[in-house]
There are 2 protein chains.
Amino acid sequence: MLKEERFQVILDRLGQEQKVYLGRLSALLNVSEDTIRRDIKELADQGLLKSVRGGAVPHSPGPHHFRDRMSHDKEQKQIIAVKALDFLKDGQVVVFDGGTSALLIAQSLPKDLHITVVTNSFPIVSLLEEHEHVEVLFAGGRLLKNSFVTIGNDTVQFFKKFRPDICLLGICSIHTELGVTGPDFEESEVKRAMIESSKEVIALATLEKLGTAEAYYVCPTDNLSVIVTDQSSDYEEFDVYKEKGIRMV
Amino acid sequence: MLKEERFQVILDRLGQEQKVYLGRLSALLNVSEDTIRRDIKELADQGLLKSVRGGAVPHSPGPHHFRDRMSHDKEQKQIIAVKALDFLKDGQVVVFDGGTSALLIAQSLPKDLHITVVTNSFPIVSLLEEHEHVEVLFAGGRLLKNSFVTIGNDTVQFFKKFRPDICLLGICSIHTELGVTGPDFEESEVKRAMIESSKEVIALATLEKLGTAEAYYVCPTDNLSVIVTDQSSDYEEFDVYKEKGIRMV
DNA sequence: ATTTTTTTTGCAAAATTATGCAATATATTT
DNA sequence: AAATATATTGCATAATTTTGCAAAAAAAAT
């Protein structure tokens, strides 16, 4: 029996059931479980299914939905979130960026904090639902379906109307020379507006973001007041920022 | 049994029930509560549900969980929603009011309709998440926590920027002499802005709303093009509107 | 403040998967 | 057709993950 035939059988079954087991397939096709396992691995590499312990399940395709990206760096980002909370005080007006870093901060926000939140992110609003003492100002604009933030000129103009105390800025890439950059033009525009209107910018960056750059320019590193990262140990790179008067946490 | 199968069971249950319990699931799936707890934790990390003490509740980090307390007139409003759908055509720019009437329309919206929606309501956006061909423009402003709409001057200004084809307007109270009125000043302001910018206004009113009035003025009846109600039988009151050139459905 | 319940954490047993290796089958070259 | 190279398969073993249990910690309830 050809390997391709087994592939077909496996995929057919997955088309009908929601799962396949190593043992069953092994018995059905008269090969060892190892073989089936290798088959599944190969199919998984092609993205045709998802290999799981004990078998396989249909691969849920589709481009990165908002929910998926959340799990990525979660530990590191959670660490960052906790550190960043120290900067928030009662009475402040705070901008929350649309990224997942800021989202985790919103998630950890104490219920008794009295602040005004300015944001363009629906998930943030959703999380702040229960916080009675948080006033929310939402930036209008065109809705970006996959990340649930608003963008465009309206959004930019909205941020320009305020003078918030703090901006919690999720960082895609940051580089000592090239400054802060991001992968999307319109989101970069919005970030820039947030930054320029705020008195103080707190950058939220996992270590892997440091020293990288992307296509669209957001702002120079000078605009940042604080960079919050997930590691306490010192890197040489930290010193470059410190010399610029940026506080590293 | 695959771990993924348990995941599926848990998520399925959450799709139907409002919550799931560790104990029940443990018994149902023949695994320890610890395992269920870990499953829930994993699903929670992916944002597929929210882990709570003793079990889990539905939750997406995207919108989705703006709880709609629209039990009141649901049947009548559903009737209205279906009727109102006839007015929506591909290519139109449509304003959705923040009320529950408009919400039900959004819920019944065909997936293949190509329209641009302008709204100040989070629940509307949440419902439109899956509609690929609907572009959403969201009005920024101050967030009203209990109804999840934005209000205030920013919201008003946002609507003034457009010239939508249709405005789907939920009606609190309408009176042949006094016009359309509502119970909240700021919401009235927003409604007025929606109405004034739109070419055509479709009023959504259950019968009990007819002939009543409230504290804050929204607009005269002249501004309405169509009134959609939940009864086909004719009332004398209908004729008054018809004489004014308003179509009754 | 105390009791009860639930969650977290460490740990060991069981199950699953990855890896190296030898045997077999398949393809390619001469 | 024979020889050689390449790929596939099954098995043993090592590494990893999952799972349930028990104790400690934390959170509600009283």
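Everything numeric here is computed off the predicted structure, so don't read it as measured data. Chain identifiers are assigned alphabetically (A, B, ...) following the order of the sequence lines, protein sequences preceding nucleic acid strands; residue numbering begins at 1 within each chain.
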Under 3.5 Å donor-acceptor pairs involving side-chain atoms of residues 26-35 of chain A, not counting sequence neighbours:
unit_1: S26(A); atom_1: OG; unit_2: V31(A); atom_2: O; d: 2.7
unit_1: S32(A); atom_1: OG; unit_2: D34(A); atom_2: N; d: 3.3
unit_1: S32(A); atom_1: OG; unit_2: T35(A); atom_2: N; d: 3.3
unit_1: S32(A); atom_1: OG; unit_2: T35(A); atom_2: OG1; d: 3.2

Legend entry - Rounded distance (Å) that lies between atom P of dA14(C) and atom CG of N30(B): 19 Å

Inset, instruction - Could you state the atom-to-atom distance from NZ of K50(B) to P of dT7(C) in whole Å? - result: 14 Å

Below 3.5 Å, can you tabulate the donor-acceptor pairs from side chains in residues 210-224 of chain A to any protein atom, sequence neighbours excluded?
unit_1: T212(A); atom_1: OG1; unit_2: S173(A); atom_2: OG; d: 3.2
unit_1: T212(A); atom_1: OG1; unit_2: K209(A); atom_2: O; d: 2.8
unit_1: E214(A); atom_1: OE2; unit_2: S173(A); atom_2: OG; d: 3.0
unit_1: T221(A); atom_1: OG1; unit_2: K244(A); atom_2: NZ; d: 2.9

Inset, instruction - Give me the ring orientation class for H114(A) and H133(A): parallel if the planes are under 30° apart, tilted from 30 to 60°, perpendicular past 60°. - result: parallel

Inset, instruction - Give a yes or no on whether F162(A) atom CZ has more than 12 heavy-atom contacts from other residues, nucleotides or ligands under 6.0 Å away. - result: yes

Inset, instruction - Identify which nucleotide among dC11(D), dT18(D), dT19(D) has an atom closest to any side-chain atom of R53(A), counting heavy atoms from C-beta outward. - result: dT18(D)

Inset, instruction - Could you tell me the separation between the CG atom of L2(B) and the P atom of dT18(D), rounded to a whole number of Å? - result: 11 Å

Inset, instruction - Send over the distance from R37(B) CZ to dT6(C) P, rounded to a whole Å. - result: 9 Å

Inset, instruction - Find the distance L22(A):CG to dT9(D):P and express it as a whole number of Å. - result: 15 Å

Inset, instruction - Classify the side chain of R38(A) versus the base of dG10(D) as yes if they form a donor-acceptor pair under 3.5 Å and no if they do not. - result: yes

Inset, instruction - For D34(B) and for E42(B), locate the closest nucleotide of DNA chain D by heavy-atom distance; then report the residue assigned to the nucleotide nearer the 5' terminus. - result: E42(B)

Inset, instruction - Please determine if a side-chain N or O atom of R6(A) lies less than 4.0 Å away from the OP1 or OP2 oxygen of dT9(D). - result: yes

Legend entry - Between dG10(D) (C1') and I36(A) (CD1): distance, integer Å: 13 Å

Legend entry - dA18(C) phosphate, OP1 or OP2, under 4.0 Å from K41(A) side-chain N/O: no

Inset, instruction - In whole angstrom, give the distance that lies between atom CG of L25(B) and atom P of dT7(C). - result: 12 Å

Inset, instruction - Using whole Å, report how far CZ of F7(A) lies from C1' of dA7(D). - result: 12 Å

